[in-house]
Amino acid sequence: MTIYAIGDVQGCFDALQQLLDRISFHPEKDTLWFTGDLVNRGPNSLSVLRFIKSLGQAHQTVLGNHDLHLLAVALGAAEANSDDTFNDILTAADKEELLHWLAHRPMLYHDEETDFIMTHAGLAPSWDLKEAKELAKEVETLLQSDKITYFLAHLYGDEPSHWNPHLSGIDRLRCITNYLTRMRFCDKTGQLNFTYKGEIQNKPLDLIPWFEVKTRVNSELNIIFGHWAALNGKVNLPHLYPLDTGCVWGGCLTAMRLADKQYFSVKCVK
Ligand SMILES: [Mn+2]
């Protein structure tokens, strides 16, 4: 079995099909992992969701911020934004099945055989694997319960921005979710910062990418993640595999073959 991890698809169905042609994907022999953000901003969110769901055992995916936003809008827990492009899902005949399937995807995936971990944005600098898996599970439990609408209605917000194991209730879940699905820059203590939106090279001096926090305890883990197109698939540290190469912004859609870390990509039309 060959495993390929693929970055943020965001509704770019045609690019995904081209990429799968490029790697000669065969669902009985290969497995696809997706870094989340399957939907939104791109043109064909419904086709992407239907296709990935149809892969069944031949795929793994983790939830991204856009996937959670789709669930929130569908359940009436949040308003759609003017640039959301998932209305095709909201009006589809199979909407309920698709959303039920999506809500049951994990926040973190750890494959014991290959020892790769995958989340949408990364891991909080202070989390080891055991803690990260337990915290991801807390969020998954809510998403898969009848409290999902309550959770999603209270999900939005940047605070609390610093992980603390004593957090409780909805603040705790929001903080875990923000680290797993929205994190890019932190300060040197690992506190999240969502205010800076500019280029990495122009960032304020006190902000650093989450994976460069000096005290990070998970730097030996092999982490596949998406969410950060500006990294363009590269960081200068070992064990990190950023795969969002900005497909939906006219960049590329990228797959990495886990066994030999070979990359495959297709250029996307904006
Ligand atoms: Mn994202």
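Read the numbers this way: they start at 1 and go in the same order the structure lists the ligands and their atoms.
By the 4.0 Å N-to-carboxylate-O rule, E199 lies too far from K203 to be salt-bridged with it. A salt bridge does not link R174 to D158: none of the charged side-chain nitrogens sits closer than 4.0 Å to a carboxylate oxygen. Ion pairing of K188 with D206 is absent here, as no side-chain N (NZ or NE/NH1/NH2) approaches a carboxylate O to less than 4.0 Å.
Of all N, O or S atoms in H120, the one lying closest to the Mn ion (ligand 1) is NE2. Nearest to the Mn ion (ligand 1), among the N, O or S atoms that H227 has, is ND1.
Rounding to 10 degrees, one finds that the Mn ion (ligand 1) sits at the corner of an angle of 90° between N65 OD1 and D37 OD2.
Classification of the F13-F51 ring pair by plane angle, with boundaries at 30° and 60°, yields perpendicular.
Not one N/O/S atom of H66, from backbone or side chain, sits under 2.8 Å from the Mn ion (ligand 1).
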